[in-house]
Amino acid sequence: MVRSASKRAVSTGAGTAFAAVPALSHLSDVPSFLDLRVHEMQRAAYGRTRARLGEDAELACVVRLDRGFPALVTADALFRAEFAAKLTKGGDSRVAVGDWVVVCRPEGHEGGLIEEILPRTSAIARWRGKARGEKQVLAANVDTVIVVQALLADGFGPERIVRSAVIARDCGAEVAVVLTKADRVGAPARAAAVSGIRQLLGDEIAVAVTSSEAGAGIDGLRSLVPAGTIAILLGESGAGKSTLLNALLGHEALETGEVRARDDAGRHTTVARRMVALPHAGVIVDAPGLRSLPLVGHERGLAKVFPDIAEAASACRFRDCTHTHEPGCAVRGGGFSPRRIEAYAALASEMRANAASLDPDILL
Ligand SMILES: Nc1nc2c(ncn2[C@@H]2O[C@H](COP(=O)(O)OP(=O)(O)OP(=O)(O)O)[C@@H](O)[C@H]2O)c(=O)[nH]1
Ligand SMILES: [Mg+2]
Ligand SMILES: [Zn+2]
């Protein structure tokens, strides 16, 4: 079947149903179909759905979410979409940036109708901290989580980086670290921060030290996202995520905001989740900063970040050993560095406490 030219036209989303979200026509740096890789398993699932729905069913990727409204790219268009009734009725109408979906563009409809969300290769999800245990999917089908943290003149704590790494590894993604605002500290503080991270996460972890202000370290970040891969920036508001992306893109594609002088906290400048395509590299998802990252149910991720300690812990005399004072503790006797034991034990005990705080009928 040959489609009419009018149906191929790009919808700007300026009409009624999508009036509350930004128009797509002025956006730059949106990835095209060629920048995104669909997994064999997803292509096969699409083929089955297409056999059922007919030739009008197209494969699309969610490249942007504004207040829950997705924007999709297909092989030839960028448009807003809603969910087909059967998805909203089934309560299955949640997509994340990076999701592959099957979409139809019915005649007379200003955008698309999402008919199916295809299975994910990975989903970066974090617990909302509520007793019902719901998790929020930050991005789907992502290869790498880039943990972004600012260097501070008055000291640097890698705790949040370790916490983010646990989530990322549990969700099946690679982890890399970007330290921003290097212009604010001296070389010794930069080196100390990098070695502190490597002591906890191992020497193999990629750490880029950047200053968007001085234009330094930007190539190091680019090399973390080779062409054909997708990364998400994860970090607190004010860490400098959007500024970094602007530096990578070479123009002001993303809005950035002031931080509070007192504690460097941002004001949640970024409100949408969106993908940007880097020239000669992969795709990065910019997202609003996250205040807290409470952990629950990420034991597998913890074991991937600290494999040697997790293995030793299985030999502790008590199953709920806190590795602080118990007799027969194989972790304390295992020759690990006290800093690594402390980081491991703190996150393990937090997960136990959080799991205990969930409603008893919740299974994670
Ligand atoms: N000194 C210095 N300031 C920077 C650097 N990078 C970013 N900033 C400043 O940090 C502030 C916050 O930057 P944003 O890029 O908006 O931070 P964000 O992580 O995107 O924050 P949210 O969108 O709120 O999550 C801005 O005032 C930037 O100018 C840097 O390398 N050096
Ligand atoms: Mg931002
Ligand atoms: Zn122990």
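Numbering of ligands and ligand atoms starts at 1, following listing order. Since this is a predicted model, take the numbers as computed values, not measurements. Along the sequence shown, residues are numbered consecutively beginning with 1.
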Find out if a path of hydrophobic residues (ILVMFWY) with successive side-chain heavy-atom gaps under 4.5 Å connects Leu248 to Val30.
no

Can you list the atoms of ligand 1 that are under 4.0 Å from a heavy atom of [X]?
{"X": "Ser211", "result": "31 (O)"}
{"X": "Ser212", "result": "6 (N), 30 (C), 31 (O)"}
{"X": "Glu258", "result": "27 (O)"}
{"X": "Arg184", "result": "1 (N)"}
{"X": "Glu236", "result": "19 (O)"}
{"X": "Gly289", "result": "25 (O)"}

Any idea which protein heavy atom is nearest [atom], and the distance to it?
{"atom": "atom 22 (P) of ligand 1", "result": "Ser237 OG, 3.6 Å"}
{"atom": "atom 23 (O) of ligand 1", "result": "Thr270 OG1, 2.7 Å"}
{"atom": "atom 17 (O) of ligand 1", "result": "Gly240 N, 3.2 Å"}
{"atom": "atom 32 (N) of ligand 1", "result": "Asp183 OD1, 2.7 Å"}
{"atom": "atom 27 (O) of ligand 1", "result": "Gly257 O, 2.8 Å"}

Check whether [X] reaches the backbone of [Y] with its side chain - one donor and one acceptor, N or O, closer than 3.5 Å.
{"X": "Glu134", "Y": "Lys130", "answer": "no"}
{"X": "Arg64", "Y": "Met275", "answer": "no"}
{"X": "Lys181", "Y": "Ala150", "answer": "no"}
{"X": "Arg120", "Y": "Ala140", "answer": "no"}

With a 6.0 Å cut-off (strictly less than), is the heavy-atom count around CD of Glu311, excluding the residue itself, greater than 12?
no

Does a donor on one side chain sit under 3.5 Å from an acceptor on the other, for [X] and [Y]?
{"X": "Thr269", "Y": "Glu255", "value": "no"}
{"X": "Arg340", "Y": "Tyr344", "value": "no"}
{"X": "Arg160", "Y": "Gln149", "value": "no"}
{"X": "Asp143", "Y": "Thr229", "value": "no"}

Of all N/O/S atoms in His323, which lies nearest to the Zn ion (ligand 3)?
ND1

I need the single residue from Asp99, Thr121, Asn141 that forms a side chain to side chain donor-acceptor pair (under 3.5 Å) with Gln42. Which is it?
Asn141

Distance-only N or O hit between ligand 1 and Ala239, under 3.5 Å
yes

Please report whether ligand 1 has a polar contact with Thr180, defined as an N or O pair separated by less than 3.5 Å (distance criterion only).
no

Looking at ligand 1, is there an atom of it that comes within less than 4.0 Å of some heavy atom belonging to Gly238?
yes

For ligand 1, is Val259 a contact, meaning one of its heavy atoms is under 4.0 Å away?
yes

Note: Lys86-Glu115 ion pair, threshold 4.0 Å (strictly below)
yes

Short N/O/S contact of Ser242 with the Mg ion (ligand 2) (below 2.8 Å):
yes

Selection from Lys241, Arg291, His268, Lys181 by shortest heavy-atom distance to atom 18 (P) of ligand 1
Lys241

How does Thr243 reach ligand 1, if at all, at less than 4.0 Å between non-hydrogen atoms: by side chain, backbone, both, or neither?
both

Row for the Zn ion (ligand 3): angle SG (Cys321) to SG (Cys316), 10° precision, value 120°

